[in-house]
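Take a look at the structure below.
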Amino acid sequence: MQWVLVVLAAVVILLPGQSSDAAEQQSRRLPLSEYRDKMLAGWIGQMVGVGVGGPTEFRWQGAIVPADEVPEWRPEMVNQFGQDDLYVEMTFLRTLEMYGFDVPIRQAGIDFANSRYGLWHANGAGRRLLREGIAPPDSGHPEFNKHADDIDYQIEADFSGLIAPGLPNTVIKLGEKFGRLMNYGDGLYGGQFVGAMYAEAFFETDMARIVEAGLRAIPAESQYAECIRDVLAWWREEPNDWENTWEKINAKYHLNPDYRRFSCSGPDAEKDWDLNIDAKVNGAMIVLGLLYGDRDPDKTIEISVRGGHDSDCNPSNAAGVLFTTIGASRLPERFSSHLSYETEFSFTSFNMRRLTEVCEQLARQAVVRAGGRVDTDESGEEVFVIPVLPPEPTALERSWAPRPAANSRFTEAEMAQISVEPTIELGKEPVCQSCGLMPLDAPESFGTNADGSKSEDYCVYCFKDGAFTYPDATLEEMIEVCAGFLADYTGMSEEKAAAKLSEYMPKLKRWQEK
């Protein structure tokens with residue numbers, strides 16, 4: 001496969017006595033047509049990655065996904081318009097479209113609070129806090145948000161690099177605005193790292209250099225940066241054995257409690273399950289795919305999927321970065337031949353056409369705001385002239401020992417702008433008859449009977465090998481557990497979620513048979 005190489009202007013460091021003409025060379029040039037091609041490819045990559053990884057999500061925790069469990073790619077799988085891995089970040093794009101790059105973080109919080117899709121973990125907790133009047137950045141602060149180190153902003157930070165080609169400081173600032181709605185510390189750095197990789201992917205094809213560019217955008221002393229440096233070092237030691245590197249990642253960043261100091265959940269011997277959505281370990285799986293994938297789309301996606309944990313989000317990030325280096329016009333046709341340009345992403349007004357138009361508008365603004373410009377070359381084509389500036393990472397912070405909260409609260413006038421009343425119709429579709437929350441709408445959702453067959457009544461999280469994963473749980477205990485998930489998903493309070501479940505769950509098969 002031929003890989004596109006970007007012709008760069010020379011980057012010259014201005015020394016004492018140099019002329020302003022030399023300073024002018026501290027820039028990189030990106031033809032607008034090439035920007036459009038690569039930006040579109042970044043979105044396609046996200047869709048392809050999540051399409052392949054979707055059926056494996058959270059089914060393998062601390063275990064390598066078997067090769068025969070990775071779905072085979074089919075061209076029609078590209079149309080992933082209902083994936084939260086994509087439509088959540090479009091809320092942030094819409095805010096930027098409406099208010100520009102100077103939008104106050106409080107307005108970004110109001111817009112996020114008004115979103116109507118289901119959310120989990122840091123996203124869900126952050127939105128619930130916003131709706132309760134806790135304004136950003138406190139909605140992502142560990143004092144209030146127990147999911148602050150989770151993967152959430154890392155999942156949705158792709159947009160930041162796709163509208164900031166070659167501009168890591170723009171990516172960092174966007175993280176400070178949107179990542180702080182739900183994350184802090186390593187949870188924030190994960191998104192800034194991913195966004196900076198995208199920003200560099202417009203100019204670089206070497207994956208190690210792209211990863212290193214991402215590292216320069218986050219505090220070097222952070223555990224997140226330590227994790228990514230480790231993966232780079234382990235890859236260089238054993239460049240042909242990704243599974244051995246995976247074992248090292250698993251030992252240090254999944255099994256070692258020193259690197260899970262703010263994990264929102266942990267090992268549970270009773271249910272033989274260990275949910276780990278910490279940004280670090282999932283970021284490692286993104287990098288694992290990029291480094292060992294040899295710039296091959298299928299191999300990159302497969303390795304990021306097989307790393308396990310949040311195994312649809314990780315290949316989505318990895319494929320997005322890789323596809324950006326390639327460009328849509330150079331992708332194998334099977335990845336784009338069935339792409340719909342008119343279908344709208346769920347909960348948004350964006351289809352692919354409008355999405356790419358808005359990204360271009362924002363990229364033009366980003367380049368000029370950073371001190372660059374839009375030139376016209378001899379052929380009449382527009383060209384981004386992008387300044388080369390050293391990244392200025394966010395200050396080091398740790399979720400397990402955070403700085404004091406800002407004590408930020410929305411005013412009455414701001415609360416009046418938050419108009420969503422969270423609702424949910426429990427049991428409208430076939431759902432697990434134990435938790436009542438997990439839809440039974442796909443083969444991978446069903447639990448297993450003792451003979452390995454699929455259970456007709458219970459989900460994969462509640463029922464395994466013919467037994468409940470919480471065999472001794474009482475109805476009251478299950479309501480308490482599920483209320484937290486329902487609250488994060490809908491944005492309602494845990495008290496209201498528990499009240500709804502107390503009316504609903506006694507009607508489920510498991511609890512009627514008790």
Side-chain angles (χ1 to χ4, degrees), residues 84 86-148 150 152-153 155-157 159-160 163 170 173-184 187-188 191 344-350 354-355 358-359 361-362 365-366 369 405-425 486-497 499-500:
D84 59 352
L86 289 137
Y87 59 66
V88 174
E89 61 190 287
M90 294 177 197
T91 301
F92 310 147
L93 280 173
R94 177 59 177 156
T95 294
L96 290 169
E97 181 189 17
M98 291 176 65
Y99 301 103
F101 282 86
D102 290 326
V103 59
I105 190 173
R106 295 170 78 92
Q107 182 62 54
I110 290 169
D111 292 350
F112 190 51
N114 280 323
S115 62
R116 295 179 178 272
Y117 35 72
L119 289 173
W120 305 99
H121 292 275
N123 277 333
R127 186 176 65 179
R128 175 161 50 86
L129 291 165
L130 292 166
R131 290 177 175 177
E132 292 172 357
I134 297 178
D138 282 353
S139 55
H141 192 280
E143 181 178 331
F144 306 99
N145 194 326
K146 66 181 180 181
H147 301 276
D150 285 1
D152 301 54
Y153 186 60
I155 296 171
E156 53 225 23
F159 83 97
S160 65
I163 63 173
T170 300
K173 291 175 184 176
L174 288 169
E176 285 294 317
K177 191 156 293 184
F178 296 102
R180 289 210 180 269
L181 301 180
M182 75 294 289
N183 281 111
Y184 185 94
L188 172 63
E344 289 187 348
F345 291 89
S346 297
F347 307 100
T348 81
S349 60
F350 292 109
R354 202 172 93 74
L355 175 64
V358 169
C359 285
Q361 293 168 10
L362 292 170
Q365 296 174 39
R369 287 172 60 87
N407 195 30
S408 53
R409 299 295 182 271
F410 284 129
T411 65
E412 287 187 17
E414 289 171 324
M415 288 299 294
Q417 298 178 55
I418 299 175
S419 58
V420 173
E421 174 63 28
T423 59
I424 187 169
E425 296 183 59
L486 183 60
D488 285 350
Y489 182 77
T490 62
M492 68 176 66
S493 68
E494 287 198 30
E495 292 76 14
K496 187 172 183 178
K500 280 185 171 289

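For reference, positions follow the sequence shown, starting with 1. All figures in this text were calculated on a predicted structure; none of them were measured in a lab.
- Taking both residues in full, the closest heavy atoms of F410 and G109 are given as CZ-C, 4.3 Å, listed atom of the first, atom of the second, then distance.
- The distance from atom CG of L181 to atom CG of D152, rounded to the nearest 0.5 Å, is 11.5 Å.
- Side-chain contact check for L188 versus E176: some heavy-atom pair is nearer than 4.5 Å.
- Within the 4.5 Å cutoff, the side chain of Y184 has no heavy atoms near those of the S139 side chain.
- For the side-chain contact (heavy atoms from CB on, under 4.5 Å) test with E89, the passing option among F178, Y153, F159, F345 is F159; the others fail.
- Under the 4.0 Å criterion applied to side-chain N and carboxylate O atoms, E97 and R94 are assigned as salt-bridge partners.
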Check step by step if side-chain contact (heavy atoms from CB on, under 4.5 Å) holds for R354 and E344. CA-CA 9 Å; R354 202 172 93 74; E344 289 187 348; over 6 Å; no
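- Using cut-offs of 30° and 60° for the angle between ring planes, the F92 and F112 rings count as tilted.
- Formation of a donor-acceptor pair under 3.5 Å by the N114 side chain with backbone atoms of Q417 is found in this model.
- If you take OH on Y99 and CD on Q107, they are separated by 3.5 Å, rounding to the nearest 0.5 Å.
- A heavy-atom distance below 4.5 Å is found between the side chains of N123 and E156.
- Distance CD/E132 to CZ/R409: 10.0 Å, rounded to 0.5 Å.
- Within a 6.0 Å sphere centred on NZ of K177, other residues, nucleotides and ligands contribute more than 12 heavy atoms.
- By the 4.5 Å heavy-atom criterion applied to side chains, S408 and P137 are counted as neighbours.
- The line from OG1 of T91 to CG of D111 is 8.5 Å long, rounded to the nearest 0.5 Å.
- For an aromatic pair to be called close, the ring centres must be under 6.0 Å apart, and Y87 with F350 fails this.
- The heavy-atom pair separating P136 from I105 by the smallest distance is CG-O, 3.4 Å.
- Note that NZ of K500 and CD of E495 are 14.0 Å apart. Values are rounded to the nearest 0.5 Å.
- When every heavy atom of N183 is checked against every heavy atom of A148, the shortest pair comes out as ND2-O, 2.8 Å.
- At least one donor-acceptor pair closer than 3.5 Å links the side chain of R131 to the backbone N or O of A113.
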Evaluate side-chain contact (heavy atoms from CB on, under 4.5 Å) for I163 paired with L174, printing each intermediate quantity in order. CA-CA 10 Å; I163 63 173; L174 288 169; 4.0 Å; yes
List the steps, then state whether side-chain contact (heavy atoms from CB on, under 4.5 Å) holds for T170 with R369. CA-CA 9 Å; T170 300; R369 287 172 60 87; over 6 Å; no
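- Considering every non-hydrogen atom in both R127 and S115, the closest pair reads NH1-OG, 3.0 Å.
- In this structure, CD in E414 is found 5.0 Å from CD1 in I110, a value given to the nearest 0.5 Å.
- Within the 4.5 Å cutoff, the side chain of D84 has no heavy atoms near those of the L119 side chain.
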Worked check of side-chain contact (heavy atoms from CB on, under 4.5 Å) between N145 and D138: CA-CA 8 Å; N145 194 326; D138 282 353; over 6 Å; no
